[in-house]
Engineer: 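Below: one structure in structure tokens.
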Amino acid sequence: MAKNLVIVESPAKAKTIEKFLGSDYTVKSCFGHIRDLAKGDEAIDVKNNFTPSYEVSDDKKAIVAELKKLSKEAEIVWLASDEDREGEAISWHLSEVLKLDDAKTRRIVFHEITKPAIVKAIANPRGIDRNLVDAQQARRVLDRLVGFELSPVLWKKVKANLSAGRVQSVAVKLIVDREREINSFNTTSAFRVIARFNVGGKQMDAELAKRFETEAEAQAFLEKCTGAKFNISNLEVKPAEKTPAPPFTTSTLQQEASRKLGYGVSTTMSIAQKLYENGLITYMRTDSVNLSELAIGAAKKHITETFGERYSRPMRYTTKNDSAQEAHEAIRPTYFENVEIDGTNQEKRLYDLIYKRAIASQMAKAQIERTLATVSISGLPETLLATGEVLKFDGFLKVYLESTDEEGDDENSKMLPPLNKGEELLLKNMEASQRYTRPAARYTEASLVKKMEELGIGRPSTYAPTISTIQKRGYVIKEDREGKDRPFVVLTLEKEKINREEKSEKFGSEKSKLFPSDIGMLVTDFLSKHFEQIMDYGFTASVEEEFDKIASGQLVWNKMIEKFYGPFHIGVTKTSETAERQNAERLLGNDPESGLPVYVKVGRFGPFAQIGENSEEGKEKPRYASLRSGQLIETITLVEAMDLFKLPRVIGNFEGKDMKAAIGRFGPYIMHDSKFISIPKTDDVFAITSERAIELIESKRISDANKLIKIFAEDENVKILNGRWGPYISRGKDNFKIPKTQKADELKYSDVLEIIKAEGKSETSSKAANKTAPKKVAVKKTAAKKTAAKKSAAKKAK
DNA sequence: CAGTGAGCGAGCTTCCGCTTGACTT
């Protein structure tokens with residue numbers, strides 16, 4: 001039996017470390033926290049100094065039993081959980097639950113999984129830091145008290161099954177605040193003037209520094225420019241440089257993967273988890289931009305060998321964020337020699353991103369020459385400005401360029417033609433186009449994470465789960481929105497003549513953005529009204545300061561909790577007893593036909609509109625209609641609400657059966673003969689004619705008839721069908737893509753089985769696959785790469 | 001894949017952070 005037992009948090013980490021240490025060491029993982037507050041409301045003894053009662057979580061019982069046994073047999077137990085608040089607490093819980101003897105227990109820490117770091121840690125053990133543990137207890141107890149006292153207030157005053165918490169409630173508030181900011185935004189427009197010159201056969205654009213508020217002013221300016229002469233009055237060439245971004249943290253990885261690859265934050269995290277488990281990248285839940293000495297050296301070697309010495313710029317980054325706990329390295333490839341990897345497409349793409357970001361962070365700055373050309377206009381004080389850039393040395397740009405959240409026109413990195421001071425320029429045309437101001441952008445999952453990180457709310461391990469929670473609770477909806485058209489005016493001066501044109505542009509279209517729901521707004525308003533402190537964006541930051549004081553021994557944890565809890569609990573009791581039920585009812589006006597009042601409110605099945613008063617004796621019952629997705633109680637107008645009552649609408653009769661138009665969960669549809677036919681976006685549900693509806697019904701019949709391409713005698717569950725994106729294979733509930741190299745109608749049953757196997761979903765998902773799989777897996781495994789042998793080997797081998 | 005929208009008031013819900021696996025013939 002091994003003399004030493006080392007306990008870390010993550011199994012993948014355990015595997016790596018075991019390789020660094022000799023056979024005298026057994027390395028095991030405890031899978032994070034092994035113990036937590038007991039489940040119910042009684043876990044914290046509020047009257048008795050907030051004494052917490054802990055329980056081993058059900059899913060940890062087995063691992064705890066195993067660790068108990070191993071720790072009894074070991075001579076020394078090394079607690080090697082992360083060096084931060086939570087990690088320290090994990091070590092403490094382990095020592096309590098395993099009943100470890102102080103004499104044979106050592107606490108060690110390291111920030112990176114490299115051999116020198118581990119060896120050094122083993123040589124410098126310490127004891128468990130009780131102050132740090134207390135800081136964690138304070139954090140845990142505070143979160144439980146806040147969450148479990150606020151949520152019941154919501155059940156009572158708003159709606160059942162709702163939740164509130166230090167992190168989630170503020171995350172929702174960010175989205176609600178942003179939505180209101182957008183709704184109250186005052187869009188203005190101004191005319192932007194751009195002159196296009198012809199310089200030696202090349203076009204050069206120059207922009208007027210100021211914009212004109214009205215069309216008349218823009219018109220007047222263009223008139224004054226008619227017949228004017230244009231000269232280069234000043235020419236400036238300035239050197240500039242671009243610096244690479246630091247390597248990824250969890251938050252920046254989520255942002256870039258969202259912008260460059262379009263992944264949601266939980267997708268990104270689960271792909272990263274796979275990469276980590278396969279030993280390809282370092283730990284993916286981190287707030288540190290630090291790279292190990294070893295990594296910096298390896299990057300330098302790789303860069304020098306691949307790009308040359310002058311591309312190398314070893315660099316140590318430091319974290320600016322106050323709330324960072326830096327228990328890990330930044331996210332980087334384990335080996336810089338692994339330029340490409342085996343894996344799924346998603347794994348390859350995410351790895352590529354991580355790889356390039358990390359290597360670029362160790363590369364030279366890019367050298368740029370920026371040219372500013374000022375163009376004067378004869379007889380006018382105004383000047384035009386043309387800017388251009390020439391890349392003198394690419395440096396890190398050879399591999400990676402960070403993207404930004406800002407949408408819209410990027411005018412950079414254009415090259416200017418050769419110019420001389422004093423040179424007269426030939427005007428091709430001058431355009432004054434009307435540009436509208438834009439409100440702040442709605443949050444994406446990733447940009448919300450960025451904001452939360454800035455505010456110190458949440459941790460790398462909780463960003464993705466928190467964002468799922470607020471969507472699951474229905475506070476927030478992630479969706480696309482169609483843009484609307486709006487006209488804009490363009491005035492063009494060309495050949496001494498001014499031409500006016502009215503064009504149209506789309507604005508306000510959104511892709512995968514976060515929108516608040518009515519309930520989200522309702523809850524945010526309720527909490528903001530009664531629990532201002534918790535909803536303050538600075539609340540977490542201020543309690544973090546206190547946790548830091550506890551960690552440094554300047555404050556006693558339950559004293560801190562007491563000070564917070566006293567007033568907080570009074571507020572909870574008071575609100576619970578006296579506050580009015582929060583509802584979002586709004587009177588929109590009166591129905592123009594009946595004169596009855598029109599309301600919008602939240603009901604059991606979501607928000608709806610209502611014509612007429614609630615159940616008055618003898619009176620007619622009110623009429624109801626659900627709000628459509630995207631409509632909010634706060635912003636819906638009477639006209640929009642009245643439209644809701646126009647559906648469902650009988651639009652005609654076909655083959656002896658009524659055709660009804662309505663809007664369902666998946667958008668507008670026609671119901672005929674109890675069949676659904678969806679109405680395309682190009683048609684209007686309110687105006688669609690019976691002729692058009694018949695057309696749609698008939699084309700649906702044709703496409704249904706063509707849906708089946710082939711069915712197989714061998715297994716009638718297996719079919720080739722024609723779908724929205726072309727032919728595909730269907731087997732029971734699973735669908736499979738047909739490779740582009742193969743023709744759908746020529747596929748034989750054996751080909752189909754091949755394809756199903758290659759796509760492989762999970763091997764256990766079906767009996768048919770499982771029967772044939774084991775043999776193949778065994779064969780392919782030997783051929784597969786040395787990357788830690790996993791069950792998924794069959795999937796990866798090609 | 002929409003017709004609903006109230007109630008005698010049972011017994012339930014809920015937090016944040018740390019880590020993965022996910023019933024089997």
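Just so it is clear, the model here is predicted, and its values are computed rather than measured. By convention in this document, chain letters (A, B, ...) are assigned in the order of the sequence lines, proteins followed by strands, and residues within each chain are numbered from 1.
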Engineer: Could you list the residues that satisfy salt bridge (Lys or Arg N to Asp or Glu O under 4.0 Å) with A:Lys156, not counting sequence neighbours?
Structural biologist: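 Residues passing salt bridge (Lys or Arg N to Asp or Glu O under 4.0 Å) with A:Lys156: none at all.
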Engineer: Pick base, sugar-phosphate or nothing for A:Ser626, based on heavy-atom distances below 4.0 Å to the nucleic acid.
Structural biologist: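 Base: the residue A:Ser626, judged by heavy atoms under 4.0 Å, touches a nucleobase.
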Engineer: Report, as a single string ordered 5' to 3', how protein heavy atoms within less than 4.0 Å touch nucleotides 7-17 of chain B: B base, S sugar-phosphate only, - not at all.
Structural biologist: B-----BBBBB
Engineer: With sequence neighbours left out, write down each residue that passes side chain to side chain contact (heavy atoms under 4.5 Å, CB included) with A:Ser53, or none if nothing qualifies.
Structural biologist: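 Applying side chain to side chain contact (heavy atoms under 4.5 Å, CB included) to A:Ser53 gives A:Ala38, A:Ala43.
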Engineer: Report the secondary structure of DNA chain B in dot-bracket form, marking unpaired bases with a dot and bases paired to a different strand with |, and treating Watson-Crick or G-U pairs with both distances under 3.5 Å as paired.
Structural biologist: .........................
Engineer: Excluding sequence neighbours, so at least two apart, what forms salt bridge (Lys or Arg N to Asp or Glu O under 4.0 Å) with A:Glu454?
Structural biologist: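 Result, salt bridge (Lys or Arg N to Asp or Glu O under 4.0 Å) vs A:Glu454: A:Lys451.
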Engineer: When we call it a touch if two heavy atoms are under 4.0 Å apart, what does A:Tyr276 touch: a base, just sugar-phosphate, or nothing?
Structural biologist: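 Answer is sugar-phosphate: A:Tyr276 comes under 4.0 Å of backbone atoms only.
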Engineer: Mind checking what makes side chain to side chain contact (heavy atoms under 4.5 Å, CB included) contact with A:Glu634, not counting sequence neighbours?
Structural biologist: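 Applying side chain to side chain contact (heavy atoms under 4.5 Å, CB included) to A:Glu634 gives A:Arg180, A:Met521.
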Engineer: If you measure from the Lys or Arg side-chain nitrogens to the Asp or Glu carboxylate oxygens, is any gap between A:Lys13 and A:Asp82 under 4.0 Å?
Structural biologist: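 Salt bridge flag = yes for A:Asp82 with A:Lys13.
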Engineer: Could I get the full list of salt bridge (Lys or Arg N to Asp or Glu O under 4.0 Å) partners for A:Lys700, not counting sequence neighbours?
Structural biologist: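 Checked A:Lys700 against salt bridge (Lys or Arg N to Asp or Glu O under 4.0 Å); matches are A:Asp704.
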Engineer: Taking only N and O in the side chain of A:Tyr624, is any of them less than 4.0 Å away from OP1 or OP2 of B:dA2?
Structural biologist: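 No, A:Tyr624 has no side-chain N/O under 4.0 Å of OP1/OP2 on B:dA2.
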Engineer: Under the salt bridge (Lys or Arg N to Asp or Glu O under 4.0 Å) rule, what pairs show up with a residue in residues 141-151 of chain A, not counting sequence neighbours?
Structural biologist: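 Non-adjacent pairs meeting salt bridge (Lys or Arg N to Asp or Glu O under 4.0 Å): A:Arg139-A:Asp143, A:Asp143-A:Arg166.
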Engineer: Using atom CD of A:Glu277 as one end and atom C1' of B:dG21 as the other, report the distance to the nearest whole Å.
Structural biologist: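 These atoms are roughly 9 Å apart.
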Engineer: To the nearest Å, how far apart are A:Tyr54 OH and B:dC18 C1'?
Structural biologist: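 Atom-to-atom, A:Tyr54 to B:dC18, this comes out as 14 Å.
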Engineer: In chain order, what residues pass the ring-ring contact (aromatic ring centres under 6.0 Å, His included) check against A:Phe645, with sequence neighbours excluded?
Structural biologist: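 Partners of A:Phe645 under the ring-ring contact (aromatic ring centres under 6.0 Å, His included) test: none.
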